[in-house]
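One structure below.
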Amino acid sequence: MAARRDLVIVGAGPAGLAAAAEARDHGVDALILDEQPEPGGQVYRSAARVAERRPADLGFLGADYARGAALVAEATGVERRQGASVWQIGPAARDGRREVIWSEAGQARRVAARSVIVASGAMERPVPVPGWTLPGVTTVGALQVALKQSGIYPAGRVVIAGSGPLPLLLAEQLRAARVPVAAILDTAPSGRMATAWPLLPMAALGAAGTLRKGMALLRARERSGVPVWRQVRDLRAEAGADGSVAGIRFRSASGEEQRIEADLLALHEGVVPNPQLTRLVRADHRWHPAQRCFHPVLDPWGESTAAGVYVAGDGGGILGARAAEASGRLAALSVAHRLGRIGETARDFAATGPQARLLGERALRRLLDALYPAPEWIAAPADDAIVCRCEEVTAADLRSVAGHAAGPNQAKAYLRCGMGPCQGRLCGLTVTEMIARARGTTPAETGYYRIRAPIKPVTVDELASLDTEPAA
């Protein structure tokens, strides 16, 4: 029989760690499952170890990153399993519990939980341009992972292409680490200031500190001396003699085609919720036009339409690390109240701080969505661009069936797009938007892949081990 817990938290980023600390404070028996080797998530990846063993690196990674070590310490006392990859959350049983199954050290394990908090975070939006599968082409987030987790610095001619706060942050971190950046290709479209300006007062009121940091990053970019090309489009990475990226072609604001040499290209067009687990439990989702992605439908405490399954952090909508902490605490408070560990009045009082934080961060996010919208060409890649990296399906292949495919699931049957190891993570949004355009419908009407377990590759040995797994 599977072990039983009050609460299972999937993910040990800011949302998961904050939820765990709050749950522990109210006597909730919680278990954290995180597939990374260390806690912290993407934002605070390896923060505790870096603070202990590489404190000098905190100088360029920044004070915000250093906060991760304190958050890891705050969740002390809650059982946490690192290297635990969750691949199934089952339907609610008669008693309301859901079976959570994961793989760890080559063995599958399971636990029955009264409630589940999905804190699996966000992923970088795929940028399907020609050449994005070449060696030497990566993402801004991947470079940050290398810096934080392993202290690995990029070498050669580094080019950052995209828009949003994260490229600004990476450029400043590389400058502080004395890693030269050859060029910045800013893909933000023109005219966005007119839309964003009316949103500035509320953002300044709700998240003044974060806004000041963003303005400082913009000023640092302008003072850095790094060449900045604006309103870039028609991006294309070109291979050199050794097959890795050697140059980048693009059109600048003037419409003229440009080419620059590069040894490493880091792409970024914002982040989107990681939908796999919320889709797996059949929670309802809605299309978010400003962020051009699907969000799970949540109540004010973060509970989805799948009873007992909560979503905390960027997996429920992109708001940032501080908002993720707040949403994790709210979800844990709701779980504790449902278990009878805290009264309604005490729950509501404890929620006032996190709720105020969320209000402020939402105001800031509306400003950022207006300033850095995903460019239209994201949904209209060049014919030779690979859309599904796992199955090597090109945009031309998808266009050949998009007009008569009822949606992504039928396109999957035709082309195998979405059937590889990533299970559609890297092609899902592009496929949805391309089919919607071809059929003259909306992404909401077109829908998304139907996600089934296992959502991660699982061996036959791991499946067989479920009969003999130790108690969780």
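Small disclaimer: the values here were computed from a predicted structure and weren't measured.
Counted by atom type alone, S120 and Q276 present zero donor-acceptor pairs between their side chains at under 3.5 Å. A donor-acceptor contact under 3.5 angstrom links the side chains of Q82 and R80, judged on distance only. There is no side-chain donor-acceptor pair under 3.5 Å between T442 and W287. With no hydrogens or angles considered, no side-chain donor-acceptor pair links T432 and T446 at under 3.5 Å. Defined by atom type and a distance below 3.5 Å, a donor-acceptor pair is missing between the side-chain atoms of D397 and S400.
A salt bridge links D263 with R157: the closest approach of a Lys/Arg side-chain nitrogen to an acidic carboxylate oxygen falls below 4.0 angstrom. The pair R362-D369 does not meet the salt-bridge criterion, since no charged nitrogen lies less than 4.0 angstrom from a carboxylate oxygen. With respect to E256 and R251, no salt bridge is recorded, no charged nitrogen being found less than 4.0 Å from a carboxylate O. The pair E74-R329 meets the salt-bridge criterion, since a charged nitrogen lies less than 4.0 angstrom from a carboxylate oxygen.
The minimum heavy-atom distance between A15 and A119, with the atom names listed, is CB-CB, 4.0 Å. The minimum heavy-atom distance between V100 and V116, with the atom names listed, is CG2-CG2, 3.9 Å.
Contact check for Q144 versus L166: side-chain heavy atoms found under the 4.5 Å cut-off.
Judged purely by atom type and a 3.5 angstrom limit, H404 has no side-chain atom pairing as donor or acceptor with the backbone of A402. Side chain of W132 to backbone of I386: a donor-acceptor contact under 3.5 angstrom is found. Between the S304 side chain and the V309 main chain, a donor and an acceptor come within less than 3.5 Å of each other. Panel note: side chain R282, backbone R279; a donor-acceptor pair is recorded below 3.5 Å.
The aromatic rings of F294 and Y448 sit perpendicular, their planes meeting at an angle over 60°, well past the 30° parallel limit. Ring pair W229/F250 is perpendicular by interplanar angle, where above 60° counts as perpendicular and below 30° as parallel.
Ring centroid separation for the pair Y372 and H268 does not come in under the 6.0 Å cut-off.
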